[in-house]
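When a residue number appears, it is its place in the shown sequence, counting from 1.
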Amino acid sequence: MNTFTFLAALTLLGASTILAAGEESKPRKLGLCSACHQENGRAVLPEYPNLCGQNEEYMVLALRAYRSGERRNAQMRSLIGMLNEAEMRELSRWYSRQRCE
């Protein structure tokens, strides 16, 4: 492989990495959360927490606590019951990456 081909391949690899790290697709179950927390994580009412920028692992633990009943909120418990572990992680990842602006 000559130098030009190597540099071209390296450039394409870098571009694909940047694109992959760019716009993240929205979680399939985002609609369950967005009525109260919007897609960007900004709560619609003051009694609801903002999720934007929240620690991802903390949110996963909180969702598990709602599911188990350790955290008591009937609405959250019923919604979390519709999610599997991967979906809880996906939603937590999404909201942790949103900016609270």
Side-chain angles (χ1 to χ4, degrees):
M1 179 183 318
N2 66 33
T3 304
F4 176 77
T5 305
F6 176 75
L7 290 175
L10 191 59
T11 301
L12 288 173
L13 178 63
S16 66
T17 302
I18 290 168
L19 289 173
E23 183 88 16
E24 185 178 352
S25 63
K26 294 178 184 175
R28 288 184 314 111
K29 301 279 179 101
L30 187 58
L32 290 174
C33 307
S34 63
C36 297
H37 304 284
Q38 301 186 70
E39 287 187 3
N40 65 3
R42 298 284 288 169
V44 297
L45 295 174
E47 57 266 22
Y48 301 149
N50 289 325
L51 301 181
C52 49
Q54 187 64 260
N55 179 279
E56 180 179 343
E57 197 57 35
Y58 170 80
M59 284 192 283
V60 171
L61 294 173
L63 292 173
R64 288 178 186 156
Y66 283 121
R67 172 179 278 160
S68 73
E70 182 181 338
R71 279 190 171 195
R72 295 174 192 251
N73 182 300
Q75 185 178 11
M76 284 296 296
R77 188 165 188 187
S78 67
L79 291 170
I80 300 311
M82 299 179 190
L83 301 173
N84 62 38
E85 181 72 18
E87 291 165 333
M88 289 192 300
R89 288 197 166 280
E90 183 181 32
L91 288 163
S92 297
R93 185 176 316 109
W94 169 266
Y95 280 123
S96 73
R97 294 178 179 177
Q98 301 307 302
R99 297 186 131 182
C100 290
E101 296 177 347

Give me each pair satisfying disulfide (SG to SG under 2.5 Å) with a member in [range], each pair once, sequence neighbours excluded.
range: residues 60-93; value: none
range: residues 45-101; value: Cys52-Cys100
range: residues 56-88; value: none

In one Ile/Leu/Val/Met/Phe/Trp/Tyr side-chain cluster, 4.5 Å: Tyr66, Val60:
no
Do Trp94 and Met76 belong to the same hydrophobic cluster, where Ile, Leu, Val, Met, Phe, Trp and Tyr are linked whenever their side-chain heavy atoms lie under 4.5 Å apart, directly or via other members?
yes
What's the spacing between Leu91 CG and Met59 CE if we round to 0.5 Å?
9.0 Å
Find the distance between NZ (Lys29) and CG (Leu79) and round it off to the nearest 0.5 Å.
11.0 Å
Could you list all the side chain to side chain donor-acceptor pair (under 3.5 Å) pairs where at least one residue sits in residues 44-59, not counting sequence neighbours?
Glu57-Arg89, Tyr58-Arg71
I need the full list of side chain to side chain donor-acceptor pair (under 3.5 Å) pairs touching residues 31-40, with sequence neighbours left out, sorted by first then second residue.
Lys26-Glu39
Over all atoms of both residues, closest heavy-atom pair of Ile80 and Arg67
O-NH2, 2.9 Å
What's the shortest heavy-atom distance between Ala35 and Val44, and which atoms?
O-CG2, 3.6 Å
Can you list the residues that meet the salt bridge (Lys or Arg N to Asp or Glu O under 4.0 Å) rule with Arg77, with sequence neighbours excluded?
none
Can you name the salt bridge (Lys or Arg N to Asp or Glu O under 4.0 Å) partners of Glu90, sequence neighbours left out?
none
Is a side-chain donor or acceptor of Gln98 paired with a backbone partner of Tyr95 at a separation under 3.5 angstrom?
no
Looking at residues at least two apart in the chain, or sitting in another chain, which of them share a disulfide (SG to SG under 2.5 Å) with Cys36?
none
Return the set of residues passing disulfide (SG to SG under 2.5 Å) with Cys33 (not counting sequence neighbours), or none when no residue passes.
none
Using the test side chain to side chain donor-acceptor pair (under 3.5 Å), find all partners of Arg72 that sit at least two apart in sequence or belong to another chain.
none
Across all chains, not counting sequence neighbours, the side chain to side chain donor-acceptor pair (under 3.5 Å) partners of Arg64 are Glu85
